[in-house]
Q: 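Below is the structure I would like to discuss, written out as structure tokens.
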Amino acid sequence: MLYYLFEYLDKILDVPGTGVFQYITFRSALALMLSLLLSTIYGKRIIRFLQRQQVGETVRELGLAGQNEKAGTPTMGGLIIIFATLVPVVLFAKLHNIYIVLLIVTTLWMGIIGFIDDYIKIFKKDKEGLKGIFKVVGQVGLGLIVGTVLYFSPAVTVRTDTGKSDVFKVPTETVILPAPVEEKSTATTIPFFKNNEFDYAELLAWTGEGYEKWAWLIFIPVVIFIITAVSNGANLTDGIDGLAAGTSAVSVLALGIFTFVSGNIIFSNYLNIMYIPNSGEMTVFIAAFVGSLIGFLWYNSYPASVFMGDTGSLTIGGIIAVLAIAVRKEMLIPLLCGIFLVENLSVVLQVSYFKYTKKRFGEGRRIFLMSPLHHHYQKKGYHESKIVTRFWIVAIMLAILSIVTLKLR
């Protein structure tokens with residue numbers, strides 16, 4: 001809202017200095033600082049409110065060191081993340097921007113699903129929470145919304161010919177260049193390849209002429225799968241103090257670099273990457289989101305004063321998925337969100353191998369001492385602070401490698 005106020009002051013009343021609000025970098029910095037303040041200052045009040053409501057974590061007996069001490073710790077701390085993200089976004093972002101609208105919808109949608117899950121666990125005393133089928137329905141519903149908007153909205157376009165532009169060439173004569181072509185496309189980016197753009201529509205080329213108009217049959221299911229997989233991955237990663245919030249902050253920060261350069265014609269031209277008009281505005285949202293995650297860590301670092309619960313973890317996963325899809329970097333998710341991936345795989349491998357060996361040998365066997373993977377290291381005697389710190393380091397390495405793909409092809 002402040003963006004529109006300062007735009008009015010600048011363009012209508014010509015008040016000196018108000019034009020600074022036109023810069024994404026300036027508004028992103030304000031969003032980051034405000035979200036940090038909100039999450040650290042008001043986070044304590046939210047925690048006290050949760051304590052008064054007796055919103056305490058019910059800890060299952062898993063035989064882990066320090067587990068019993070966590071019983072009664074307030075959960076639903078994801079409310080801190082949601083609150084500290086949305087307030088700066090509403091104040092500093094362009095609320096008519098299609099990507100900002102999608103991200104706000106994603107935050108609220110996944111936040112509500114997670115909140116219902118936590119509510120059932122705490123107040124209904126049902127440790128299973130919201131039934132898995134209802135979670136999936138909610139995730140699929142969000143995927144349908146996001147996929148449909150990104151595919152059909154005229155406000156979502158891309159320009160893939162940035163490398164052919166003469167932006168950096170010194171003109172020797174007056175030449176009238178054709179207008180840049182911004183078009184609807186289901187093109188995405190394949191990391192590490194020189195000609196790294198792939199169009200989902202090409203998967204339907206075998207159907208004959210006019211196959212492009214049916215590209216939504218591929219694109220929307222892909223969006224649904226990614227949102228479901230990443231949100232569940234974030235949910236599984238939220239198992240020890242500071243793990244999900246810290247690794248997510250690193251991944252989102254890397255995505256912020258992608259959104260900034262992809263939404264800037266100069267940088268996208270220089271890097272020879274896909275230019276996505278208006279996507280740079282997502283940088284403001286990302287700044288607020290990173291600030292809220294870091295501020296949340298103030299209370300969630302070991303020993304945690306609050307847990308994010310599904311209210312936070314599902315929201316985090318949903319936001320990361322939508323950001324990656326919107327900036328056409330969804331194929332980087334296995335690398336960028338490698339922590340989520342290995343946590344997911346550890347569960348899948350553990351369960352699959354247990355069932356297979358039980359069927360074949362009559363006794364279930366395990367690959368890991370316990371899954372998800374972070375519990376395996378706890379069982380081996382590592383302190384959870386050391387596990388979290390090392391996972392953060394791996395997340396930083398993966399984020400750097402992901403950023404390097406801008407030029408490494």
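Note that the structure is predicted; figures quoted are calculated from it, not measured.
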Q: State whether the number of non-hydrogen atoms from other residues, nucleotides or ligands found under 6.0 Å of F193 atom CZ is greater than 12.
A: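 No, the 6.0 Å shell around CZ holds no more than 12 heavy atoms from other groups.
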Q: Under 3.5 Å, is there a donor on one side chain and an acceptor on the other for Y377 and E384?
A: no
Q: Let me see the working for Y200 and I220 under side chain to side chain contact (heavy atoms under 4.5 Å, CB included), right down to the final yes or no.
A: CA-CA 10 Å; Y200 290 113; I220 294 178; over 6 Å; no
Q: Taking the side chain from H376 and the backbone from S371, do they hold a donor-acceptor pair closer than 3.5 Å?
A: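 No, because the side chain of H376 does not come within donor-acceptor range (under 3.5 Å) of the backbone of S371.
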Q: Is the number of heavy atoms from other residues, nucleotides or ligands under 6.0 Å of F354 CZ greater than 12?
A: yes
Q: Side chain of Y211, backbone of E202: donor and acceptor closer than 3.5 Å?
A: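 A pair under 3.5 Å: no.
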Q: Provide the closest heavy-atom pair for S185 versus D199 in the form atom of the first, atom of the second, distance.
A: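 Distance-wise, the nearest heavy atoms are OG-OD2, 3.9 Å.
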Q: Verify, without hydrogens or angle tests, whether Q350 (side chain) and I367 (backbone) share a donor-acceptor contact under 3.5 angstrom.
A: yes
Q: Does Y119 offer a backbone N or O that forms a donor-acceptor pair with the side chain of K124 under 3.5 Å?
A: no
Q: Could you grab the distance from atom CD of E209 to atom OG1 of T207, nearest 0.5 Å is fine?
A: 10.5 Å
Q: For a 4.5 angstrom cut-off between non-hydrogen side-chain atoms, does W298 reach S305?
A: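 No. Closest side-chain heavy atoms not under 4.5 Å.
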Q: To check you understand the geometry: which heavy-atom pair defines the closest contact between G143 and V223, and what is its length?
A: O-CG1, 3.6 Å
Q: Apply the test side chain to side chain contact (heavy atoms under 4.5 Å, CB included) to residues F21 and D10: give CA-CA distance (whole Å), side-chain angles for both, the deciding distance (0.1 Å), then the verdict.
A: CA-CA 9 Å; F21 258 71; D10 177 46; over 6 Å; no
Q: Under 3.5 Å, side chain of N344 to main-chain N/O of L236, donor-acceptor pair present?
A: no
Q: Should the ring pair Y356 and Y353 be called parallel, tilted or perpendicular, given that the plane angle runs from 0 to 90° and is split at 30 and 60?
A: tilted
Q: Are there more than 12 heavy atoms of other residues, nucleotides or ligands under 6.0 Å from atom CZ of F134?
A: no
Q: Looking at every non-hydrogen atom in both residues, tell me the closest pair between L373 and F391 and how far apart they are.
A: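 Between these two residues, the closest heavy atoms are CD2-CZ, 4.3 Å.
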Q: State yes or no: are the ring centers of H96 and Y4 separated by less than 6.0 Å?
A: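 Under 6.0 Å, so yes.
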Q: To the closest 0.5 Å, what do you measure between NZ (K44) and CD1 (I80)?
A: 10.0 Å
Q: Say you draw a straight line from CG of L102 to CZ of F285; how long is it, rounded to the nearest 0.5 Å?
A: 10.5 Å
Q: Can you give me the closest heavy-atom contact between F307 and D241, atom names plus distance?
A: CE2-OD1, 3.4 Å
Q: Can you tell me if CZ on F123 sees more than 12 non-hydrogen neighbours from other groups inside 6.0 Å?
A: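 More than 12 within 6.0 Å, yes.
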Q: Is it true that a side-chain atom of D117 and a backbone atom of L130 form a donor plus acceptor pair closer than 3.5 Å?
A: yes
Q: Hey, does I81 have a side-chain heavy atom less than 4.5 Å from the side chain of T315?
A: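 Sidechains of I81 and T315: no contact.
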Q: Can you name the residues that form a side chain to side chain donor-acceptor pair (under 3.5 Å) with R328, not counting sequence neighbours?
A: none
Q: Within the structure provided, determine whether F219 and L150 are in side-chain contact (heavy-atom separation under 4.5 Å).
A: yes
Q: Is the shortest side-chain heavy-atom distance between I240 and Y302 below 4.5 Å?
A: no
Q: Does the side chain of S292 come under 3.5 Å of the side chain of S35 through a donor N or O and an acceptor N or O?
A: no
Q: Would you call the rings of Y42 and F83 parallel, tilted or perpendicular, where under 30° means parallel and over 60° means perpendicular?
A: perpendicular
Q: Roughly how far, to the nearest 0.5 Å, is the CH2 atom of W392 from the CG atom of L243?
A: 9.0 Å
Q: Does atom CZ (F361) have a neighbourhood of more than 12 heavy atoms from anything else shown, all under 6.0 Å?
A: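 Count over threshold, so yes.
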Q: For a quick test of reading the model, state the closest non-hydrogen atom pair linking M331 to T189 and the distance between them.
A: CB-O, 3.6 Å
Q: Search all heavy atoms of P74 against all heavy atoms of Q51 and return the closest pair with its distance.
A: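 So the minimum-distance heavy-atom pair works out to CG-CG, 3.4 Å.
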Q: Evaluate the side chain to side chain contact (heavy atoms under 4.5 Å, CB included) criterion for residues N278 and I98: first the C-alpha distance (whole Å), next the side-chain angles of each, then the deciding distance (0.1 Å), finally the verdict.
A: CA-CA 8 Å; N278 304 314; I98 188 64; 5.8 Å; no
Q: Any side-chain heavy atom of L91 sitting closer than 4.5 Å to one from L34?
A: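 Yes, side chains in contact.
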Q: For residues K94 and I100, determine if any side-chain heavy atom of one lies less than 4.5 Å from a side-chain heavy atom of the other.
A: no
Q: Mind checking the OG1-CG spacing from T18 to L2? Nearest 0.5 Å is all I need.
A: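 It comes to 12.5 Å.
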Q: Do other residues, nucleotides or ligands put more than 12 heavy atoms under 6.0 Å from F49 CZ?
A: no
Q: Tell me, do I265 and R159 make a side-chain contact under 4.5 Å, heavy atoms counted?
A: yes
Q: So, do Y3 and V284 sit near enough that their side-chain heavy atoms are less than 4.5 Å apart?
A: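 Of all side-chain heavy-atom pairs linking V284 with Y3, none is under 4.5 Å.
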Q: Using the side chain to side chain contact (heavy atoms under 4.5 Å, CB included) rule, take I316 and F289 through it: C-alpha gap first, then chi angles, then the decisive distance, then the call.
A: CA-CA 9 Å; I316 288 172; F289 190 42; 3.9 Å; yes
Q: Given 3.5 Å as the limit, does a donor-acceptor pair link the side chain of T148 with the main chain of I145, or not?
A: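 Such a contact is absent between T148 side chain and I145 backbone.
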Q: Taking the cut-offs as 6.0 angstrom to the six-membered ring centre and 45 degrees off its axis, would you call K407 and Y270 a cation-pi pair?
A: yes
Q: Hey, is the main chain of V156 close enough, under 3.5 Å, to the side chain of K184 for a donor-acceptor pair?
A: yes
Q: What is the distance from atom CG of L398 to atom OG of S251, rounded to the nearest 0.5 Å?
A: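 The OG atom of S251 is 8.0 Å from CG of L398, to the nearest 0.5 Å.
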Q: Report yes or no: does Q139 contribute a side-chain atom to a donor-acceptor pair with the main-chain N or O of S231 at less than 3.5 Å?
A: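 Flag not set: sc Q139 to bb S231 has no pair under 3.5 Å.
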Q: Given K135, which partner from the list T228, N232, D310 fulfils the side chain to side chain donor-acceptor pair (under 3.5 Å) test?
A: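 So, applying the side chain to side chain donor-acceptor pair (under 3.5 Å) to K135 and each of T228, N232, D310, only D310 qualifies.
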Q: Would a distance-only check, ignoring hydrogens and angles, find a side-chain to backbone donor-acceptor pair under 3.5 Å from S352 to L349?
A: no
